[in-house]
Amino acid sequence: MSFHATVLTLYPEMFPGPLGISLAGRAQSEGKWSLEAVQIRDFAADKHKTVDDTPAGGGAGMVLRVDVLAAAVDYARAANPDAPVLAMTPRGKPLTQARVRELAAGPGVIVLCGRFEGFDERIFEGRGVEEVSVGDIVLSGGEPAALMLLDACIRLLPGVMGAASSGAEESFENGLLEYPHFTRPAMWEGRTIPEVLRSGDHAKIEGWRKSRSEVDTRLRRPDLWERHCDARVQSASGEQAKKKD
Ligand code: SAH
């Protein structure tokens with residue numbers, strides 16, 4: 001069975017949007033993944049189709065009602081019972097490439113997109129929903145976040161990316177940023193390409209790339225670098241423990 005995405009949203013017309021073109025669009029028409037965008041409003045019980053209400057305790061904005069959200073989630077789960085349900089929220093766990101890989105290896109995802117002030121908190125425990133953030137920024141709705149998440153999963157599906165190797169060397173796959181790239185022209189506005197990349201010496205090129213990947217990660221993303229170093233120390237001590245056995 002191929003990867004199936006169900007997106008629960010007040011704006012189903014935003015889908016597939018950018019996922020309908022290029023790599024993801026081609027893969028969709030080839031049946032490598034499929035999408036259903038579901039209107040949350042269809043699950044409102046009153047005749048005005050109300051999906052939101054004022055926040056308990058007062059304050060600005062409106063909150064998505066838990067009963068309406070639950071009905072929408074139940075509908076999506078019935079069609080794709082094994083897919084995890086993810087809610088897009090800045091309060092969620094930051095999305096990582098490792099989580100994206102896990103999701104891409106599964107049956108698909110059910111993605112809940114918020115609007116206004118967000119969701120009634122009870123939906124998360126009440127329906128076993130995973131809260132996911134796409135960064136320390138505030139969007140006006142969960143739809144662009146859902147598009148990001150799906151794009152990241154789709155490019156990893158079997159047969160979607162051209163060269164099989166192009167996924168493995170990418171940033172974050174080994175906990176580091178990727179090395180920088182260059183192409184022709186060799187000289188542009190007085191700027192050259194690092195000499196080593198034109199040397200044809202593959203071992204030297206590989207060494208340069210590894211070192212730039214490490215240096216750039218250390219300087220640009222000290223958080224990633226620290227985690228990478230911790231993981232290396234841990235795996236080294238794991239090796240020593242094995243030798244002692
Ligand atoms: N009141 C909320 C923000 C609501 S923004 C807060 O301060 O935490 C409206 C909707 O946009 C959210 O419900 C969520 O679905 C989406 N959204 C905004 N920023 C996001 C982010 N960084 N990651 C994922 N979804 C986000």
Side-chain angles (χ1 to χ4, degrees), residues 3-19 24 33 35-45 49-77 80 83-104 106 108-156 171-172 177 220-221 223-224 227:
F3 186 90
H4 183 68
T6 310
V7 181
L8 307 173
T9 167
L10 289 169
Y11 298 97
E13 62 274 25
M14 288 193 185
F15 297 86
L19 300 178
W33 69 283
L35 172 84
E36 186 188 6
V38 175
Q39 173 56 270
I40 294 173
R41 202 171 290 285
D42 291 346
F43 298 88
K49 296 278 170 204
T50 312
V51 294
D52 55 348
D53 209 330
T54 53
M62 298 295 273
V63 177
L64 287 166
R65 288 174 58 117
V66 67
D67 51 350
V68 179
L69 293 169
V73 168
D74 293 346
Y75 164 86
R77 270 224 172 103
N80 201 359
V85 183
L86 276 55
M88 300 293 111
T89 162
R91 285 169 43 87
K93 195 169 170 190
L95 186 63
T96 61
Q97 188 63 16
R99 184 69 186 119
V100 165
R101 270 208 181 270
E102 284 171 6
L103 293 171
V109 281
I110 296 167
V111 189
L112 195 49
C113 301
R115 279 274 151 180
F116 323 122
E117 286 306 315
F119 310 99
D120 183 312
E121 185 72 11
R122 293 170 292 180
I123 190 64
F124 306 124
E125 261 193 46
R127 284 296 181 273
V129 175
E130 177 182 336
E131 296 171 73
V132 173
S133 166
V134 296
D136 293 345
I137 53 167
V138 180
L139 302 166
S140 54
E143 290 79 8
L147 290 168
M148 262 175 74
L149 168 82
L150 293 176
D151 180 283
C153 291
I154 291 162
R155 61 188 284 284
L156 296 180
S171 290
F172 312 116
L177 302 177
R220 294 171 181 218
R221 292 293 303 274
D223 57 323
L224 286 183
R227 228 179 301 155

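Every number for a ligand or one of its atoms is a count from 1 in the order of the listing. Below, all heavy atoms of this structure are taken into account, side chains as well, without hydrogens, waters or symmetry copies.
- Atoms of ligand 1 lying under 4.0 Å from any heavy atom of V132, numbered from 1 in the order shown and given with element: 24 (C).
- At a heavy-atom cutoff of 4.0 Å, ligand 1 is contacted by no atom of A87, backbone or side chain.
- The side-chain heavy atoms of T9 and M14, taken from C-beta on, include no pair separated by under 4.5 Å.
- Close approach of ligand 1 to A145 is summarised as follows: ligand atoms under 4.0 Å from at least one heavy atom of the residue are 24 (C), 25 (N).
- Proximity of D136 to ligand 1, defined as any heavy-atom pair under 4.0 Å, is not found for any part of the residue.
- Taking 4.5 Å as the limit, some side-chain heavy atom of E143 sits within range of a side-chain heavy atom of R115.
- Of the polar atoms of R91, none of the N or O atoms is found under 3.5 Å from an N or O of ligand 1, judged by distance alone.
- Atoms of ligand 1 found under 4.0 Å from any heavy atom of G118 (numbered from 1 in listed order, with element): 13 (O).
- In this structure, C113 and I40 approach most closely via the heavy-atom pair O-CD1, 4.0 Å.
- Protein heavy atom nearest atom 23 (N) of ligand 1, with residue, atom name and distance: V134 N, 3.1 Å.
- Here the side chains of V100 and F172 are not in contact, with every heavy-atom distance at 4.5 Å or above.
- Under 4.0 Å from ligand 1, heavy atoms of S133 appear from its side chain as well as its backbone.
- When every heavy atom of D42 is checked against every heavy atom of K49, the shortest pair comes out as O-NZ, 4.0 Å.
- Contact annotation: the side chain of P18 approaches that of L147 to within less than 4.5 Å [non-hydrogen atoms, C-beta and beyond].
- In this structure, F124 and F119 have perpendicular ring planes: the angle between them is above 60°, well past the 30° mark.
- The ligand atoms of ligand 1 that sit less than 4.0 angstrom from a heavy atom of E117 are 1 (N), 2 (C), 4 (C).
- Closest heavy-atom contact between A37 and F15: CB-CB, 4.0 Å.
- From the protein, the heavy atom lying nearest to atom 14 (C) of ligand 1 is M88 O, 2.9 Å.
- Heavy atoms of T89 found under 4.0 angstrom from ligand 1 belong exclusively to the backbone.
- When side chains are defined from C-beta on, V132 does not count as touching K93, because their heavy atoms never get closer than 4.5 Å.
- Considering backbone and side-chain N/O atoms, F119 never comes within less than 3.5 Å of an N/O atom of ligand 1.
- Ligand-side atoms of ligand 1 in range of F116: 4 (C), 5 (S), 9 (C), range being under 4.0 angstrom from any heavy atom.
- For ligand 1, the atoms sitting less than 4.0 Å from at least one non-hydrogen atom of V138 are 5 (S), 19 (N), numbered in the order shown with element in parentheses.
- For the pair L69 and V129, the minimum side-chain heavy-atom distance is 4.5 Å or more.
- When only interatomic distances are considered, the shortest N/O to N/O separation between I137 and ligand 1 falls below 3.5 Å.
- Polar contact with ligand 1: present for G114 (N/O pair, distance under 3.5 Å).
- The side-chain heavy atoms of Q39 and V51, taken from C-beta on, include no pair separated by under 4.5 Å.
- Comparing P55, G92, P90 against atom 8 (O) of ligand 1, the shortest heavy-atom distance belongs to P90.
- L139 O, 3.2 Å is the protein heavy atom nearest to atom 5 (S) of ligand 1.
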